[in-house]
2 protein chains.
Amino acid sequence: MARTQGSRAEITGPAVRDAARQLFARHGFAAVSMRQIAAEVGVQAGALYAYTPDKQALLYDLLRSHMEDLLAAWHDNPAAPALDRLDAFLRFHIQTSLERPEAVFLSYMELRNLTPENRRLIADLRRRYEDALEAILIAGQAQGSMSMPDTRLTTMALIAMLTGVASWYREGGRLDQDRVMAVYGDLVRGAVGACP
Amino acid sequence: MARTQGSRAEITGPAVRDAARQLFARHGFAAVSMRQIAAEVGVQAGALYAYTPDKQALLYDLLRSHMEDLLAAWHDNPAAPALDRLDAFLRFHIQTSLERPEAVFLSYMELRNLTPENRRLIADLRRRYEDALEAILIAGQAQGSMSMPDTRLTTMALIAMLTGVASWYREGGRLDQDRVMAVYGDLVRGAVGACP
DNA sequence: GTCTATAGTCAGATAGAC
DNA sequence: GTCTATCTGACTATAGAC
């Protein structure tokens with residue numbers, strides 16, 4: 001990875017974030033040194049500070065941009081039947097979790113390494129995402145197509161269940177992505193009281 | 001916490017493990033120094049090495065003993081109806097998760113900081129625990145009281161869902177422990193196709 | 001924008017006294 | 001079993017040359 005001097009900001013900027021995301025997810029924020037990130041990118045450690053004021057800001061930036069990407073990418077259709085919206089949500093969540101497993105992993109593993117202020121900001125974004133799911137459950141109850149004892153608890157339970165996919169799913173394993181989504185669809189519909 | 005010289009092995013041994021568990025869970029394995037652990041216990045850093053060969057062994061010991069405690073404490077009753085066994089399992093899992101949130105947190109956050117050999121050993125123990133749940137689901141299908149598309153995926157989904165409780169539950173919050181178990185009971189029975 | 005060099009701090013682990 | 005002292009190495013972040 002060693003290379004000679006030169007200027008290539010458009011390449012290095014994203015490369016720093018990619019390397020940090022991958023290394024933080026693999027070994028944990030505290031276990032990764034700025035030197036490791038620099039080596040992965042192919043620059044010297046000092047050069048990283050042209051892209052981030054410090055290591056903490058690098059982590060915060062990864063979590064914030066991930067959550068904002070999620071919120072921007074999710075398009076609900078409040079006019080559709082709640083069960084269809086729920087199916088769309090679980091497919092969206094599983095797909096993005098499998099597309100960006102490192103970012104998902106970081107987002108719920110490394111909250112504790114943020115400063116309190118940064119942690120609060122990320123928690124707010126996450127809350128908005130949870131609310132998107134809860135809105136569907138509330139609509140489903142109102143329409144009579146779902147029935148559950150507590151929409152907030154169900155929201156937390158479903159998100160934990162869906163996010164867990166990233167921790168065991170392996171490309172080329174026993175089940176492909178579509179099959180996993182179908183199985184989880186059955187589980188989720190059962191949990192929200194939409195029995196077949 | 002500072003104290004004078006003296007010998008009190010029966011106290012210090014467990015205290016080292018308690019302090020390590022708490023600090024690792026709060027800040028992450030890599031972020032915690034042996035000096036921090038020693039300060040929490042009230043000894044000097046060098047004294048810790050009378051109880052553990054190194055930092056890695058300390059982590060491994062915490063994870064191994066937690067999983068072995070879980071396996072030893074779970075008593076299934078294969079003769080009972082599968083739905084009753086499922087209810088007992090989810091109550092057991094939620095209760096132990098809430099009794100020992102730090103150990104639960106560590107057990108699925110710090111696997112990556114184990115050596116490959118140690119990681120394999122912990123994964124084997126975890127697998128045995130997952131098998132205990134899957135056996136119930138298989139029995140439920142055979143008895144006709146449950147129906148699901150894939151018992152292995154359902155096992156992983158349910159464990160992720162139940163373990164997630166520890167991440168948001170707060171003593172004295174909106175719901176007490178019994179109420180949480182009841183709500184999750186409904187969700188779980190729905191997911192496994194045991195519709196009311 | 002990237003380099004080299006370094007300041008200043010802290011880490012894990014060990015040795016030997018008590 | 002615990003202490004003090006220390007070795008050796010790594011860390012984040014900065015300064016100044018190119």
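What's counted below: heavy atoms across the whole structure, side chains too, no hydrogens, waters or symmetry copies.
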Check your understanding: From C/dT2, D/dT2, D/dA13, pick the nucleotide closest to the side chain of A/Tyr49?
Key -> D/dA13
**Study point:** Length of the CD1-P vector between B/Ile11 and D/dT2, whole Å
**Key:** 9 Å
Point to revise | Nearest-angstrom distance from the residue atom CG of B/Leu58 to P of C/dA13 | key: 10 Å
Check your understanding: Which nucleotide in the list D/dA13, C/dT2, C/dT14 gets nearest to the side chain of A/Ala50?
Key -> C/dT2
Practice item. Determine, stepwise, if the pair B/Glu130 / B/Arg152 fulfils salt bridge (Lys or Arg N to Asp or Glu O under 4.0 Å). Key: CA-CA 9 Å; B/Glu130 293 161 2; B/Arg152 194 69 204 168; 2.7 Å; yes
Check your understanding: What is the distance, rounded to the nearest whole Å, between atom CD of B/Gln56 and atom P of C/dA11?
Key -> 19 Å
Exercise for review: Check whether any side-chain N or O of A/Gln44 sits under 4.0 Å from OP1 or OP2 of C/dT2, and answer yes or no.
Suggested key: no
Review point. Between the side chains of A/Ser65 and A/Arg17, is a donor N or O closer than 3.5 angstrom to an acceptor N or O?
Key: yes
Review point. What integer distance in Å separates B/Tyr51:OH from D/dT2:P?
Key: 3 Å
Review point. How long is the line joining CG of B/Leu48 and C1' of C/dA13, in whole Å?
Key: 11 Å
Exercise for review: Name the orientation class of the two ring planes belonging to A/Trp74 and A/Phe89 (parallel below 30°, tilted from 30 to 60°, perpendicular beyond 60°).
Suggested key: perpendicular
Exercise for review: Output the residues of residues 20-29 of chain B in contact with DNA chain D, where contact means a heavy atom of the residue under 4.0 Å from an atom of the strand; sort by number or write none.
Suggested key: none
Practice item. Check whether any side-chain N or O of A/Glu110 sits under 3.5 Å from a backbone N or O of A/Phe29 as a donor-acceptor pair, and report yes or no. Key: yes
Check your understanding: Is the side chain of A/Tyr129 donor-acceptor paired with the backbone N or O of A/Asp124 at a distance under 3.5 Å, no angle test?
Key -> no
Practice item. Compare side-chain N and O positions of A/Ser33 against OP1 and OP2 of D/dA10 and report whether any pair is under 4.0 Å apart. Key: no
Review point. Is there a donor-acceptor pair under 3.5 Å between the side chain of A/Gln56 and the backbone N or O of A/Thr115?
Key: yes
Check your understanding: B/Met34 side chain: which of C/dA13, D/dT14, C/dT4 is closest?
Key -> C/dA13
Review point. Are the side chain of A/Glu40 and the backbone N or O of A/Ala15 linked by a donor-acceptor pair below 3.5 Å?
Key: no
Check your understanding: Hey, does the side chain of A/Thr12 come within less than 4.0 Å of C/dG1's phosphate (OP1/OP2), counting only N and O?
Key -> no
Review point. Among C/dA11, C/dT2, D/dC3, which nucleotide sits nearest the side chain of B/Arg35?
Key: C/dA11
